[in-house]
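A quick write-up on the structure given underneath.
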Amino acid sequence: MIGIALRTLRFHKGGFLASFAALFLGALIVVGCGGLLETGIRADAPPRRLAAAPIVVTGDQRYQDTVRELVFPERVHLDAALATSIATVPGVAAAVPDVSFPATLTVGGQVTGHNWSSARLAPHRLVQGTAPSGPGRVVLGADLAERAGLRTGGHVRLLVHGAAERFEISGLTAGTGDVFVADAEAGRLAGRPGKIDSVGVLLAPGASTAQVARAVRAAAGTGPAVLTGDDRGRAEDPGVLADTGDLIPLAAAFGSLAAMAMVFVVAGTLGLSIRQRERQSALLRAVGATPGQLRRLIVGETMILAVAATALACYPAPRLGRLLLRVFVHGGVVPDTVAFRSGTVPLLAGAGLALAAALGAALVAAHTAARTRPAEALAEAALQRRWFSRVRLALGVLCLGGGTALAFGTIGSDAPDAGGVATPAALVWTIAFGLLGPVLSRAITAGLARPVRALSGLSGELAVGNARARTARLTAAVMPVMLATGLALSLTYLQTTQSDGARQAFEEAQRADLVLTSAAGGLPLDAVDDVRRTPGVTAATAQVPSRGFIEPAVPLAPSDGEESAGPQPTELALQGITPQGADRTTAFRAATGTLTALHGDTVALPTRYAAGHRLGDTIPMRLGDGTQTRLKLVATVGARRGYETALVPAALLAPHTGNGLVPRILISTAPGADRAELAAALTATGHPALRVTDRDGLAAAQQDQDRTQATMAWLVLAVVVGYAVISLVNTQALATAERRREFGLMRLVGATRRQVLRMMAVEAGLVAAAGTTLGLLVAALTLVPMSLSVLGSALPGGSPGSSPRW
């Protein structure tokens with residue numbers, strides 16, 4: 001049969017080329033997603049600024065011994081004394097501490113500052129002047145100085161850690177756009193005296209990196225992470241672990257969507273191709289070919305094409321993966337330091353998945369041809385009679401049950417997590433309708449028959465008759481329309497619904513009239529009192545956002561790197577506030593206790609997370625940088641499900657965030673106050689680079705964050721739905737080519753060219769109506785549970801004309 005399969009490929013080029021195109025595009029996407037999956041798993045970030053250090057010691061961002069790989073959202077800092085301990089390890093030539101901090105040059109924009117010692121880790125060399133030897137001196141990157149029109153000996157103002165300071169430019173260094181200050185100054189400007197970000201380890205001549213790394217690990221203890229190779233880049237950007245982790249479920253969902261679309265599209269295309277040569281298959285069955293032989297023939301032809309298409313797709317697939325990663329980086333989904341990795345394993349796994357999808361499509365397409373009895377074979381070639389099977393019906397009903405279970409799971413999920421359940425629900429509903437496609441397509445066609453006849457006359461009569469007689473051909477054309485419509489609507493409105501839910505929760509939590517921020521990276525906590533004393537201000541509250549963890553009552557037992565099987569931490573949003581005036585600037589209200597008690601080591605937990613605790617209990621928690629603390633429960637607060645936030649004093653939380661400052665102050669104004677005059681008075685309070693915006697400006701910043709998160713959804717939508725649309729055109733062209741003899745006979749019996757075209761137009765309308773109806777049904781069954789979970793309404797978020805908002 002394989003020999004026959006090879007010979008038949010030459011005589012049915014049209015059908016096989018259509019199948020080859022569908023297989024190639026599907027394999028290209030699936031294999032490309034394999035590279036994205038490996039990139040997310042490895043999370044490689046080749047070092048740049050620390051590249052000269054073979055070993056880098058930094059804070060471990062991973063929450064150890066947890067079942068889920070939890071990551072601390074804030075940088076975990078190290079004691080400066082650790083560098084001295086590492087320097088004594090045999091084989092270490094130097095242990096160079098690294099301290100970084102955000103800053104803004106008044107004439108050069110945002111920059112990153114570092115201690116001068118860390119310049120040797122890049123390495124950077126002075127091209128002019130001298131190193132910063134004391135306070136008030138700074139070294140600039142030569143390119144930065146040239147752009148800003150600065151030179152050695154001049155002066156520059158630096159906005160850093162909530163203040164504006166004047167520095168003399170002592171020198172210029174090549175190859176960087178950063179700034180460097182004296183080591184003693186770096187800790188003060190970062191707001192963390194005695195703390196460092198990491199230690200770059202330089203080796204003595206002839207020392208082994210692996211041996212020294214083991215010795216450094218022993219000297220550093222269990223807390224810090226000792227990194228080598230590409231892992232060193234994590235020390236430069238601690239967000240790499242958390243951000244690249246998003247690539248794993250994204251690539252898996254992306255690849256599964258593409259594989260599912262591939263099965264449907266290839267099965268439809270193969271089915272049409274097989275029906276083009278039904279007479280040949282019928283003759284084979286009539287002369288004694290067994291069902292197994294015919295099935296092997298069809299599967300053999302398909303796998304020959306699949307192997308060729310997948311092998312060809314493996315060459316450009318890594319390029320597609322890199323392109324997708326660049327889009328994610330451009331959208332702010334992953335850091336630009338992440339390196340694309342696509343080795344042999346994802347290539348083989350992606351190719352295997354593509355071949356498995358092709359095999360599944362071939363088995364689906366071969367089922368009808370192989371099960372036809374010899375006595376019926378020739379009749380089947382003349383007129384299709386068998387168009388459905390009990391096995392297909394059973395599988396379709398089973399998938400309907402799975403979709404129903406996922407729908408109830410979506411309704412029961414927290415609002416931010418509902419999309420993770422709704423996306424596989426869309427896949428299951430699509431598979432169910434694909435399996436039941438012949439029944440559904442026939443039912444929809446029957447329902448449209450009377451209006452079609454009434455509107456289009458004889459052309460409609462012929463179109464309806466063709467649809468009834470050739471249900472399989474109709475289904476093959478309808479499925480890509482359903483796939484494109486269902487996935488497009490589902491993915492679009494899943495994203496808009498989730499964005500609307502987050503926006504509503506954000507707006508409901510805000511009651512402030514004005515928001516005060518600073519280009520100096522934030523404001524000191526005492527600025528809240530200065531703002532509160534400004535005439536026209538009735539209330540002012542600091543707002544410090546972060547994330548943290550409620551630890552289990554029984555501490556996690558150390559497990560030598562293995563996951564603990566016991567109770568796990570609960571991750572939740574944290575917000576640091578100053579309780580005075582919080583009732584006027586925020587929507588937080590105490591369900592029990594009082595928010596005015598938020599002073600010192602205290603916490604107000606959301607009602608759901610406070611279950612099992614009473615006021616006055618001590619709650620073990622970890623803050624965003626991994627700091628363990630025990631906080632007294634002084635209140636509980638209600639919130640929309642899934643958007644709960646725990647409240648802690650701003651003075652407690654701020655030192656454990658990126659720069660230790662207050663990012664914004666929420667302000668409530670007196671009735672009738674002139675907001676323009678008030679804004680001018682606020683910017684004159686003595687703190688540098690202050691900016692005043694209204695609540696709409698704060699909401700716009702939140703929407704920008706939502707747009708960044710939506711990049712993934714729009715990209716998945718564009719690629720998968722684009723594949724479905726291309727395959728639709730492919731299938732329609734093949735289906736039309738199959739009917740040349742039919743059109744010729746119609747012309748011979750007197751039909752005009754116009755009448756044939758009108759009949760085809762009506763048939764295309766039937767296909768579009770049936771596919772769109774099924775697609776709308778898939779979208780409704782996906783989106784209604786999602787909307788009930790996120791918005792409390794059956795209507796999804798977003799306008800009817802929702803489109804990507806970049």
Side-chain angles (χ1 to χ4, degrees), residues 72-77 79 161-162 191-195 509 512 522-533 539-553 555 569-639 644-668:
F72 297 122
E74 310 286 354
R75 180 185 277 277
V76 178
H77 295 100
D79 290 330
H161 200 62
R192 299 183 299 273
K195 295 289 185 179
L523 294 142
L525 192 58
D526 58 12
V528 179
D529 295 329
D530 297 336
V531 171
R532 193 177 290 125
R533 288 191 292 265
T541 306
Q543 188 179 56
V544 184
S546 184
R547 296 194 68 82
F549 307 88
I550 301 175
E551 292 199 293
T570 301
E571 184 176 6
L572 76 167
L574 295 181
Q575 191 168 120
I577 65 169
T578 47
Q580 185 178 355
D583 57 334
R584 297 189 182 185
T585 57
T586 71
F588 294 114
R589 298 293 182 269
T592 60
T594 175
L595 297 184
T596 58
L598 281 173
H599 296 285
D601 294 339
T602 57
V603 63
L605 287 179
T607 303
R608 184 161 62 130
Y609 293 102
H613 296 285
R614 295 180 298 177
L615 297 181
D617 286 352
T618 300
I619 310 297
M621 297 186 67
R622 280 188 188 249
L623 303 181
D625 62 351
T627 299
Q628 293 179 284
T629 184
R630 301 182 66 84
L631 304 180
K632 179 182 178 181
L633 181 64
V634 296
T636 62
V637 292
E644 295 95 342
T645 300
L647 305 179
V648 296
L652 170 68
L653 186 59
H656 301 280
T657 59
N659 55 11
L661 298 175
V662 176
R664 51 183 173 257
I665 297 175
L666 307 181
I667 300 169
S668 178

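These numbers come from a predicted model, not from an experiment. Below, all heavy atoms of this structure are taken into account, side chains as well, without hydrogens, waters or symmetry copies.
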Value rounded to 0.5 Å, distance of [atom1] in [X] from [atom2] in [Y]:
X	Y	atom1	atom2	value
Leu623	Thr627	CG	OG1	5.5 Å
Thr541	Ile667	OG1	CD1	9.5 Å
Glu551	Arg630	CD	CZ	9.0 Å

Might you point out which heavy atoms bring [X] and [Y] nearest each other, and give the distance in Å?
X	Y	result
Gly600	Pro649	O-CG, 3.2 Å
Gln543	Pro663	O-CD, 3.3 Å
Val544	Ala654	CG1-CA, 4.1 Å
Pro655	Ala650	CD-O, 4.4 Å
Gly576	Leu653	N-CD2, 3.3 Å
Gly624	Phe72	O-CB, 3.2 Å

[X] side-chain N/O to [Y] backbone N/O, donor-acceptor pair under 3.5 Å:
X	Y	result
Thr607	Val637	yes
Thr636	Thr592	yes
Thr578	Gln580	no
His613	Ile619	no
Arg75	Asp625	no
Thr586	Ala582	yes

Going by heavy atoms in the side chains, are [X] and [Y] under 4.5 Å from each other?
X	Y	answer
Leu572	Pro606	yes
Leu605	Leu633	yes
Leu652	Asp601	yes
Val634	Thr594	no
Val648	Leu631	yes
Val603	Met621	yes
Pro620	Gln628	no

Candidate pair Asp79 and Lys195, rule salt bridge (charged side-chain N to carboxylate O under 4.0 Å, His left out), full reasoning: CA-CA 5 Å; Asp79 290 330; Lys195 295 289 185 179; 2.6 Å; yes
Distance-only side-chain donor-acceptor flag, Ser546 / Glu74, under 3.5 Å: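 Judged by distance alone, the side chains do pair up.
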Under the side chain to side chain contact (heavy atoms under 4.5 Å, CB included) test, residues paired with Thr570 that sit two or more places apart: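 Thr570 satisfies side chain to side chain contact (heavy atoms under 4.5 Å, CB included) with Ile550, Tyr609 only.
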For Thr645, all residues meeting side chain to side chain contact (heavy atoms under 4.5 Å, CB included), sequence neighbours excluded: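 Partners of Thr645 under the side chain to side chain contact (heavy atoms under 4.5 Å, CB included) test: Ala573, Gln575, Phe588, Leu647.
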Please output the side-chain donor-acceptor pairs of residues 522-531 that fall under 3.5 Å, not counting sequence neighbours, one pair per line with the distance.
residue: Asp529; atom: OD1; partner: Arg532; partner atom: NH1; Å: 2.9
residue: Asp530; atom: OD1; partner: Arg533; partner atom: NH2; Å: 2.5
residue: Asp530; atom: OD2; partner: His687; partner atom: NE2; Å: 3.0

Derivation of the side-chain contact (heavy atoms from CB on, under 4.5 Å) call for Asp583 and Leu595: CA-CA 9 Å; Asp583 57 334; Leu595 297 184; over 6 Å; no
CZ (Arg584) with more than 12 external heavy atoms under 6.0 Å: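 Count not over threshold, so no.
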